[in-house]
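Written below as structure tokens is the structure these notes are about.
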Amino acid sequence: MLVVKKFGGTSVANKERIYNVAERCIEEYKKGNDVVVVLSAMGKYTDELIAMAKDINENPPKREMDMLFTIGEQMSVALMAMAMNKLGVPAVSLNAFQVAMHTTSTYSNARLKRIDSDRIRSELEQRKIVIVTGFQGINKFDDYTTLGRGGSDTTAVALAAALHADKCEIYTDVDGVYTADPRKVKNARKLDVVTYDEMLEFATLGAGVLHNRSVELAKKYGVQLVVRSSLNTNEGTIVKEDAKMEKMIVSGVAADTDAARVAVIGLKDEPGVAFKLFNALAQKNINIDMILQSVGRAGTKDITFTCSDEDADEAAKIISEAMKFEDINVNKEVSKVSIVGAGMQSNAGVAAKMFEALYDENINIRMISTSEIRVTVLIDEKNTERAMNAIHDKFNLGEER
Ligand code: ASP
Ligand code: MG
């Protein structure tokens, strides 16, 4: 059996943690399995590199940032190989060049295109544990690239797909995927299984356990994932296509406080207005999430949308320069609360139940958006935790099934 194991920054933050990971990998190796390990940079090292760069040049070239970033992952793989060798097991570390992990050319946000598996295979044939740098790649100019923050998860899934691995385990500092953030909801429960689509919603909603591109990739290539803790031996959460076994309509509640609402009032009610507005924002790379347009009256209409807190003021400025309207207002004190569940596609009344939970708490809903497996409401930020708990209770998510 071939197993890919990925460990995040906290799992390799110091000497003791490095040895802990080394031992876990050796245990797998001693069962006779082939083991490929993907590592992130130690602890908050990537953040430290960014701070160092900004101290030299507040606007560093992206190519040089990637050159700098790659040392973080390179450091952890080399130290890990040393630890395994010290424990008497042959191990070899490889960076993106040595493996040959080909990506698109975009520095700091590259996408993996192709991974050569020859070098890894030949090292495995010599019964070595192979330790690969996460997050990094090389482009057609023979430069280093990186996959975007948190990109090591994507490296691991891509490697599992390229090597046709039997198992891909993502080790982190939490026990798995929860029905809600356990720091905010007391009776939050770890889920045994979630579907790719549910996980994708959770990842996109900022649950923080997995890089969303890694989930997309896992779904595309049918790589079954296990998310589990490197600090204990608890089972973790399985991410796979069909998770009907749990028979859950709603799997969890997620919240994102990094949301702002921009309301543009008194736009002309004529064709092309929405295009003009959102095109102006797209040109400046501003990501929009929920969108609401009012019914036209007296030749005018209103458009309201949400974006990140950071982008809100700039969005308002861009719109003011691009078009005519009566008034615009920005509210950053709002948050998005969502329920996610593959079972809601075939169940009526799920949204109503969520709204009832909010009504019971006298929490006003400012916007609503839905997908096949998600309902999201925009509410005042100060009500976020109360809303999460009320919804979590309403759907009995804390109860063992
Ligand atoms: N070290 C990189 C980061 O901090 C990649 C990763 O951890 O996945 O974003
Ligand atoms: Mg991560």
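Just follow the structure's listing: the first ligand is 1, and inside any ligand the first atom is 1. Bear in mind that the values here come from a model prediction, so they are computed numbers and not experimental data.
On a distance-only criterion, Gly148 and ligand 1 share no N/O pair closer than 3.5 Å. The shortest N or O to N or O distance between Asp153 and ligand 1 is not under 3.5 Å.
When each atom of ligand 1 is checked for a heavy atom of Glu73 under 4.0 Å away, the hits are 1 (N), 2 (C), 5 (C). Under a 4.0 Å criterion applied to the non-hydrogen atoms of Arg149, ligand 1 contributes the atoms 3 (C), 4 (O), 9 (O). Less than 4.0 angstrom separates some heavy atom of Gly150 from each of these atoms of ligand 1: 3 (C), 5 (C), 6 (C), 8 (O), 9 (O).
In this structure, His211 does not count as a contact residue of ligand 1, since none of its heavy atoms falls inside 4.0 Å of the ligand. In this structure, Gly8 has no heavy atom closer than 4.0 Å to ligand 1. Under a 4.0 Å heavy-atom criterion, Gly72 is not in contact with ligand 1.
Side chains of Thr146 and Asp66: a donor-acceptor N/O pair is present below 3.5 angstrom, by distance only. A donor atom on one side chain and an acceptor atom on the other are found under 3.5 Å apart for Ser11 and Ser230. Judged by distance alone, the side chains of Asn232 and Asp175 do bring a donor and an acceptor atom under 3.5 Å apart. A side-chain donor from one of Ser251 and Glu198 sits under 3.5 Å from a side-chain acceptor of the other. No hydrogens or angles considered: a donor-acceptor pair under 3.5 Å links the side chains of Thr376 and Arg374.
Distance alone, capped at 3.5 Å, is enough to place a donor-acceptor pair between the Asn389 side chain and the Glu385 backbone.
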